[in-house]
Amino acid sequence: MRTHRAGDVRPVQVGSSVELCGWVASRRDHGGVVFLDLRDTAGIVQVVVDPDAVAGADVHGVRAEYCLRVTGTVRERPEGTVNPDLATGAVEVAAATIEVLNPSEPPPIPIGDRVDADEMLRLRHRYLDLRGERLQRNLRLRATVNSAIRTAMEAQGFVEVETPMLVASTPEGARDFVVPSRLSPGEFYALPQSPQLFKQLLMVGGLDRYYQIARCLRDEDLRADRQFEFMQLDAEMSFADGDDVRAVISDAVKAAAERVTGEPVGEIPVLTYAEAMGRYGSDKPDLRFGLELVDLNHVFGATEFRAFQADSVKGIRWPGQAELGRGRLDALIDRAKQLGAAGLVWVKVRDGATLESPTVKFMSEAEQVGLADATGAEAGDLLLIVAGARRMVDAVLGTIRNDLGRPPVHEGGLHFCWVVDFPLFEDLADDGSPIPAHHPFTAPHPDDVGLLDSARGDELLTVRSQAYDLVCNGWELGSGSVRIHDGALQSRIFELIGIDAETAQARFGFLLDAFRYGAPPHAGFAFGIDRLVGILAGEENIREVIAFPKTQSGADPLTGAPTPVDDRHLRELGIQVRPKK
RNA sequence: GGUCCUGUGGUGCAGUUUGGAGUGCACGCCGCCCUGUCAAGGCGGAGGCCGCGGGUUCAAAUCCCGUCAGGACCGCCA
């Protein structure tokens, strides 16, 4: 039907006949001459129509988003009418014939690079929104990322294996989406939260290096960076440790980023969890900006200032902000309190390193000097200090750091980092048993295995694991770990987290059974494609990189999902729906 | 489960603080004019359950209560 794509027409085609298909992006009808901007997936080209000379449809009747086939001749634009904003702006197509392939009603949302339509309308008419530059660009970028990842993984000997979508439900982790079984009424499949167990079985099965761009489903509340269903690069390696896995994943992520941006991504730095929390107050630190947390414990170790007599005293130096007004300072204090701190002390640094604050009078001379030294304070800076329990101080200052300095997603380049040595347990349950931070197959750090037996209570929370996260610009892209392949150690972990042998066998028996047959040491990783694509596309919201996303309440305004189903259908499944309260 | 923001012709907004006639802006739509525009321009026109329900009031887009929808966040996401 066509010889070229509209957006591909260039001066080399001047003089030749072309046949183009696309949509009317805009029309400018001057009566005696009509300009049509014809859009297709490659871009826009200007078609010039002389109503008296053109064959086919009445050009005055053509409207926005009509689907057209245009034949004509490419010519240089007359002097002074070149449009530098268009890739095709040096040329235009003089129309010989115009064929209306399909007319269009006036579109309910504007189509183009402008993005001011209500998102509900955009989703309801997604097929129109998809015609616009933004989603076209984002979906192509996404395809590029997928392709680069596949190429990189295959080059390293990884085999793509598909795992089932109908799996067994497990009580751990996120809420499962559940699928009723017709052949076993009253029983249910779950949709996979991830291929976790299957990929470990593939290792036992000798596949050695597995990967999959896998769809994962979790029935949890949606967010700007979370949908019910999302894609992960899921991978697992045998005879490999965390370093091996991180090297492979770094390679794939870098390949994707480089294919998209054209810029090399440098070596990805590795931080320990303790370092990330200590310096950035976050396990997903945004390394695009400074404002690092400064430890002040050595300065205020013997202080008379009651507010600073605490487990941890830390601060942030905010350069050049000493003129901040009372209102902003009070807002920072409120923010700190809202985040769980008892308060927040601000100190303004004046000329000659004089400190100004309602609290300076409580600090000794040596403490004031020490504070200025430790933070590297210069005249004009503002210091923000929080004291209290160590975890709270880090968390509060980490959040405030992001409040103060975090740039929009499209600014500041790409700053990946690995965070390693995560704690094995995130907290203690009410009965005192530790709650796993990752999943129960995560191997403890080799240096801390002894602690599993000796540690009591809170001490267990210091046990490190061999779990690691990949972070970019403050977004958690994904996580992985070295898995336990030793049956005795696995039993010990189950015991610690309060899963007795019987329960473990009932839930994970098939995996534990498999591990009895010479399971290889293995480690793996999974990261979210949607989030990576979001960052690379400069989008704050992953709905912008998904063709057909759902709203925050889990609805699809286009198809109307979710919907009720027929009673007959329910009866077949042995399901009765309870009336709403 | 919770906190906050938003809801006004087809679209994007202003109007809500301080109640007084559906008032306004831009885009789009319809008609006419127009041979170099590119978000074309000119003239004219149509188009409204102010999300929905209730309350207060002589009077509600505006104040109050509830509810629905969308969004941001907390909880949740091993």
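So you know, we letter chains A, B, ... as the sequences are listed, proteins then strands, and number each from 1.
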When you get a sec, tell me which of C74(B), G36(B), G70(B) is the closest nucleotide to the side chain of R223(A)?
C74(B)

Checking all strands, does A437(A) fall into the base, sugar-phosphate, or nothing category for heavy-atom contacts under 4.0 angstrom?
sugar-phosphate

Among the nucleotides U37(B), C34(B), G70(B), whichever has the atom closest to the side chain of D29(A) is C34(B)

Between D234(A) and Y210(A), is there a side-chain donor-acceptor contact under 3.5 Å, judged purely by atom types and distance?
yes

Can you tell me whether the side chain of D221(A) and the base of G75(B) have a donor-acceptor pair closer than 3.5 Å?
yes

Classify L121(A) by what it touches in the nucleic acid, base, sugar-phosphate, or nothing, heavy-atom distance under 4.0 Å.
sugar-phosphate

Just checking H485(A) against F441(A), ring centres under 6.0 Å apart?
no

Would you kindly give the CD-to-C1' distance between E544(A) and G71(B), to the nearest whole Å?
12 Å

Between C1' of A72(B) and CD of E119(A), the distance in whole Å:
12 Å

Ring of H30(A) versus six-membered ring of G36(B): centres under 5.5 Å and planes under 30°?
no

NZ or CZ of R507(A) within 45° of F494(A) ring axis and under 6.0 Å:
no

H125(A) NE2 to G10(B) P: how many Å, rounded?
12 Å

Need the pair for A46(B). Rule: Watson-Crick or G-U wobble, both distances under 3.5 Å, any strand; none if unpaired.
none

Mind checking if R543(A) touches a base, just sugar-phosphate, or nothing, with heavy atoms under 4.0 Å?
sugar-phosphate

Do you see a donor-acceptor pair shorter than 3.5 Å between the side chains of T399(A) and N402(A)?
no

Inspect the surroundings of CZ in R137(A) and state if more than 12 heavy atoms from other residues, nucleotides or ligands are less than 6.0 Å away.
yes

Ranking U37(B), G70(B), C76(B) by distance to the side chain of A555(A), first place goes to G70(B)

Counting only side-chain heavy atoms from C-beta out, which of A40(B), U11(B), U37(B) sits nearest to P110(A)?
U11(B)

Between A46(B) and G1(B), how far apart are the P atoms? Round to whole Å, please.
49 Å

Once you round it to whole Å, what is the distance between P of G41(B) and CZ of F35(A)?
14 Å

Ranking R531(A) and R63(A) by the position along RNA chain B of their nearest nucleotide, the one closer to 5' is R63(A)

Mind checking if P436(A) touches a base, just sugar-phosphate, or nothing, with heavy atoms under 4.0 Å?
sugar-phosphate

Using a 4.0 Å heavy-atom cut-off, does R335(A) contact any base of the nucleic acid, only the sugar-phosphate backbone, or nothing at all?
nothing

Considering Watson-Crick and G-U wobble pairs with both distances under 3.5 Å, what does G9(B) pair with?
none

Spacing between F177(A) atom CZ and C77(B) atom P, to the nearest angstrom
15 Å

Rounding to the closest angstrom, what is the interatomic distance between G10(B) and G19(B) at atom C1'?
30 Å

Whole-Å distance, E79(A) CD to G36(B) C1', equals 13 Å

Classify the side chain of R27(A) versus the base of C38(B) as yes if they form a donor-acceptor pair under 3.5 Å and no if they do not.
no

Heavy-atom nearest nucleotide on RNA chain B for S194(A) versus G32(A): which residue maps closer to 5'?
G32(A)

So which nucleotide from A40(B), C77(B), G71(B) ends up closest to the side chain of R28(A)?
A40(B)

Within 45° cone and under 6.0 Å: R215(A) NZ/CZ vs F230(A) ring
no

So which nucleotide from A72(B), C74(B), C38(B) ends up closest to the side chain of A224(A)?
A72(B)

Please work out if Q193(A) contacts a base, only the sugar-phosphate, or nothing of the nucleic acid, heavy-atom cut-off 4.0 Å.
nothing

Using a heavy-atom cut-off of under 4.0 Å over every strand shown, decide if D219(A) touches base, sugar-phosphate, or nothing.
nothing

